[in-house]
Amino acid sequence: MHKSLELNKANWNERAALHAASPDYEVAHFLADPTHLSAVVRFDLPRLGDISGLNGVHLQCHIGTDTLSLARLGASMSGLDFSAASLAQAHQLAAACGAAIDYVEASVDDATQVLDAGSFDLVYTGIGALVWLPSIDDWARTVAALLKPGGRLFLREGHPMLLAVDEDCPHELRITRPYFERAEPTVWDDDSTYVQADATLNATITHEWNHGLGEVVSALLRHGLALTALDEHQSIPWQALPGQMVLGDDGEWRLKDQPWRLPLSYTLQAIKL
Ligand SMILES: C[S@@+](CC[C@H](N)C(=O)[O-])C[C@H]1O[C@@H](n2cnc3c(N)ncnc32)[C@H](O)[C@@H]1O
């Protein structure tokens, strides 16, 4: 495996238990209420439409809260992640909720070795997923290979323009990070994670890559998908720019000052031709 991905996997394996225990991922709500959906999937609902009966796969499913939400909407779901610790949490949650979800452990680039190519009506992914992948072209090839003709990609992701902004600058929007995909990763050294947690991480080094919006669209077109929707949003489910954001009742963060200045996330949908 790519050295960067080994570093990232170690980091995600440490985060999994902290995330499952954190109020942010709402595991207790899923256990208490069989109709509970993650805030991420609740946001998606108007665009997602009726997914009951679809054969879906959630790429980079993490601890499975969004995967379970999609299953609760009636899709027959698989989830893929390269973090064994994340999948252990996902299995536990699905079992406790009586949901039959097929979880597989693999890197996204190896997805077609562990999942049936050409068999999925829906590939769902996003919310902090694409930054962990070095090549958007490889990702688009995998998405295309998983979908059956007519099948749909549903992607909601942090906007690459937001990811180019310096998050350590609380008073202004300052562009200091790559917008376009580069071979060299952006290297982070951080012992914290993005949820409320008591513990710190030992595996602190991670490698990330941004992918410009045009690069994402072009890669999908190159691999035989047709774009059907692209919505840019003024909100995002995590506090991406501390000091400059406010949390809404919908669980989404927005710029507190002139939120129309910057797209924070986007939803892209595409159909396999
Ligand atoms: C922020 S989570 C995204 C999932 C979802 N939005 C959530 O928050 O539950 C990122 C996930 O991507 C996984 N991941 C990172 N790189 C990966 C790769 N190359 N192949 C498979 N999974 C990967 C991590 O293990 C982690 O579970």
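There is a side-chain donor-acceptor pair under 3.5 Å between Ser265 and Arg156. Residues Asp24 and Ser22 bring a donor and an acceptor atom of their side chains to less than 3.5 Å of each other. Side-chain N/O atoms of Thr125 and His58 include no donor and acceptor closer than 3.5 Å. Side-chain atoms of Asp109 and Ser107 form no donor-acceptor pair, as typed in the model, at a separation below 3.5 Å. Residues Asp189 and Thr204 bring a donor and an acceptor atom of their side chains to less than 3.5 Å of each other.
With ring centers used as reference points, Phe180 lies 6.0 Å or more from His211. Checked against the 6.0 Å centroid threshold, Trp132 and His207 do not count as a close aromatic pair.
When all heavy atoms are compared, the tightest approach of Arg177 to Val165 is NE-O, 3.8 Å. Scanning all heavy atoms of the two residues, the minimum distance from His159 to Glu232 falls at NE2-OE2, 2.7 Å. Considering all non-hydrogen atoms of both residues, Leu68 and Ala99 come closest at CD1-CB, 3.5 Å. Residues Arg47 and Asp231 share a closest heavy-atom pair of NE-OD2, 3.0 Å. Smallest separation of non-hydrogen atoms from Glu252 and Ser235: OE1-OG, 2.6 Å.
A salt bridge is absent between Glu184 and Arg182: the closest approach of a Lys/Arg side-chain nitrogen to an acidic carboxylate oxygen does not fall below 4.0 angstrom.
Side-chain atoms of Leu173 and Gln244, non-hydrogen and from C-beta on, do get closer than 4.5 Å to each other. Inter-residue side-chain proximity for Phe154 and Val123 is flagged as unmet; no heavy-atom pair is nearer than 4.5 Å. The side-chain heavy atoms of Val108 and Asp138, taken from C-beta on, include no pair separated by under 4.5 Å.
Other residues, nucleotides and ligands contribute over 12 non-hydrogen atoms within 6.0 Å of the CZ atom of Arg42.
Ring orientation note: the planes of Tyr25 and His19 are close to parallel, at an angle under 30° on the 30°/60° scale.
Connection of Phe30 to Leu45 is established within a shared hydrophobic cluster, with ILVMFWY side chains joined at heavy-atom distances below 4.5 Å, either directly or through further cluster members. Cluster annotation: Val216 and Leu221 are assigned to the same hydrophobic cluster (Ile/Leu/Val/Met/Phe/Trp/Tyr, side-chain heavy-atom contacts under 4.5 Å, transitive).
For the side chain to side chain donor-acceptor pair (under 3.5 Å) with Tyr124, the qualifying choice from Asp44, Thr67, Asp66 is Asp44, the only one to do so.
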